[in-house]
Amino acid sequence: MSAGRGQTKAMATGERSISVDGNRLTFLPEGAQRWAALMALIDGAKTSLRLLYYIYAADRSGAAVRSALLRAMDRGVSVALLIDGFGSSDTHANYFRELHERGAKFCRFNPSLGRSYLLRNHQKLALADGETDQARILIGGFNIEDSYFGDLADKAWRDIGLLAEGPAAARVVAYYDALMSWALNRRSRMKTLRAVVRRFSEHDGPLQWQYGGPMQFKSPWALATIHDLARANDLEMIAAYFAPMSGMIRRIAGVARRGRVRIITAAKSDNRATIDAARSTYARLLRRGAQVFEYQPTRLHSKLLVMDDVVHVGSSNFDLRSLYLNMEMMLRVHDPDFAIMMRSYFEHELGNSSPITADVLRKAGWLQRLRWRIGWFLVTSLDYTITRRFALRVP
């Protein structure tokens, strides 16, 4: 184990690439790496750029990306930008006026008030030259905001990114265009959005794009996760927002019975209720044999699942919104070498995390436990139930 510590430390501080099914996957665990990859993708685009972000902030990073998009348009590159109306509500529409006036396709997802406004497009992607054999896509949990491109010394968000180059990136073009078309049409129906999620989610091959959305039942990504958990003997998970229901906890417990489960959640976040909601699940997980840890250095935002030789990486948290309601995208990678690489990263993050034990939970006072239960109610019963009822009533 000690021989691997140097390797895992290097893994955390340097990007690493691997080939899977004719695609080059480059893991980007540090903010500076993600920023360099994003700017290189935009500045290197030859024909087209498609961007989709939950948060696009009007800060230094936002201004630099906007300038890079304008430069791309000067080179004759077509540009499309889709942002979430809720996540990017602090960024005024005038901020994107020049892009729009110069011919970029721009839209806010669900910008108007109403029941559908409760939905979130939580996906993050930057896709270049998708119509060519040089297609490249950058995914992960990070948004366009300064705090996602800093480091631990800056107390920035701790997140991950993945650059995929090859035919898998090109397969996202049709999905993005269908989603943009839906968002631009003010009369679009919710059932059409559900059809987009189902149609473009993949079910075969070493690399599969799995999407989530406001489905009447479980989303394709939720179903894929359930399927992989049912067969796994070893689960490593980093979940910035962790609040699964009892059924999913039972599935995690099944993995623990067959082998090993280790979960890293957040000790610091932008929302206290989400931490409390996660802590309300710890006792059940520990009783069922899972190991739980909280990441300490800064606010956690990573989303990663490693189940035997299968890895899920992308935008989705492990809570009810992400599993069943939000628009999400995850890349499912079935490759033993890639799984080893991601498990090495998990081991490094484990070194910055504190174990949660039964003794730790016993020391929590009744006020803390009450706060955890309230957090659980706010995150699951209140927010999720109201949103789901509204979303499923919208035609």
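Quantities reported herein were computed from a predicted structural model and do not represent experimental measurements.
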[X] atom [atom1], over 12 foreign heavy atoms within 6.0 Å:
| X | atom1 | answer |
| --- | --- | --- |
| Arg258 | CZ | yes |
| Arg260 | CZ | yes |
| Asp74 | CG | yes |
| Arg199 | CZ | no |

Can you confirm whether the side chains of [X] and [Y] place a donor and an acceptor under 3.5 Å from each other?
| X | Y | value |
| --- | --- | --- |
| Arg321 | Asn326 | yes |
| Asp129 | Thr132 | no |
| Ser354 | Glu294 | no |
| Arg299 | Ser269 | no |
| Asn143 | Tyr148 | yes |
| Ser78 | Arg50 | no |
| Thr265 | Tyr282 | yes |

Donor-acceptor under 3.5 Å ([X] side chain, [Y] main chain):
| X | Y | value |
| --- | --- | --- |
| His122 | Ser316 | no |
| Trp209 | Ala168 | yes |
| His301 | Gly141 | yes |
| Tyr176 | Leu51 | yes |
| Lys268 | Gln296 | yes |
| Arg75 | Asp43 | yes |
| Asp234 | Asp308 | no |
| Ser188 | Trp182 | yes |
| Asp151 | Ala153 | yes |
| Arg108 | Ser88 | yes |

Open item on the list: Set out, in order, the CA-CA distance, both residues' side-chain angles and the distance that settles salt bridge (Lys or Arg N to Asp or Glu O under 4.0 Å) for Asp359 and Lys363, then state yes or no.
Closed with: CA-CA 6 Å; Asp359 287 340; Lys363 291 177 182 177; over 6 Å; no
- [ ] Please determine if Arg34 forms a cation-pi arrangement with Phe142, meaning its NZ or CZ atom is less than 6.0 Å from the six-membered ring centre and no more than 45° off the ring axis.
- [x]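 Yes, a cation-pi geometry.
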Task: Geometric cation-pi criterion Arg66 and Tyr95, 6.0 Å radius, 45° cone - done: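 Because its charged atom sits under 6.0 Å from the ring centre and within 45° of the axis, Arg66 does stack over Tyr95.
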So, for [X] and [Y], which heavy atoms are closest and what is the spacing to 0.1 Å?
| X | Y | result |
| --- | --- | --- |
| Ala339 | Val306 | O-CG1, 4.0 Å |
| Ser201 | His203 | O-NE2, 3.5 Å |
| Leu38 | Ala126 | CD1-CB, 3.8 Å |
| Ala169 | Leu127 | O-CD1, 3.5 Å |
| Leu49 | Leu41 | CD2-CD2, 3.8 Å |

TODO: Verify whether the ring centers belonging to Phe109 and Tyr54 lie closer than 6.0 Å.
DONE: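 Not close enough - the centres of the two rings lie 6.0 Å or further apart.
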Task: Test of ring centre spacing under 6.0 Å for Phe200 and Tyr211 - done: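 No, the ring of Phe200 stays outside the 6.0 Å limit from the ring of Tyr211, centre to centre.
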TODO: Could you check Glu131 against Lys46 for salt bridge (Lys or Arg N to Asp or Glu O under 4.0 Å), going step by step and ending with a plain yes or no?
DONE: CA-CA 10 Å; Glu131 305 86 355; Lys46 300 289 194 302; over 6 Å; no
- [ ] Dump the intermediate steps for side-chain hydrogen bond (donor to acceptor under 3.5 Å, both in side chains) on Gln123 and Asn121, then the final yes or no.
- [x] CA-CA 6 Å; Gln123 299 166 106; Asn121 194 331; 2.7 Å; yes
Task: Test log, rule salt bridge (Lys or Arg N to Asp or Glu O under 4.0 Å), inputs Glu236 and Arg262 - done: CA-CA 5 Å; Glu236 276 74 42; Arg262 297 183 293 173; 3.2 Å; yes
Task: Name of the residue among Leu235, Leu285, Val292 meeting side chain to side chain contact (heavy atoms under 4.5 Å, CB included) with Val261 - done: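 Among Leu235, Leu285, Val292, the one that satisfies the side chain to side chain contact (heavy atoms under 4.5 Å, CB included) with Val261 is Leu235.
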Task: Passing option when Trp221 is tested against His312, Gln210, Gln208 for side chain to side chain donor-acceptor pair (under 3.5 Å) - done: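 Between Trp221 and the candidates, side chain to side chain donor-acceptor pair (under 3.5 Å) is satisfied uniquely by His312.
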- [ ] Kindly determine whether Arg158 and Glu349 satisfy salt bridge (Lys or Arg N to Asp or Glu O under 4.0 Å), including the steps that lead there.
- [x] CA-CA 10 Å; Arg158 184 63 170 168; Glu349 298 299 86; 2.9 Å; yes
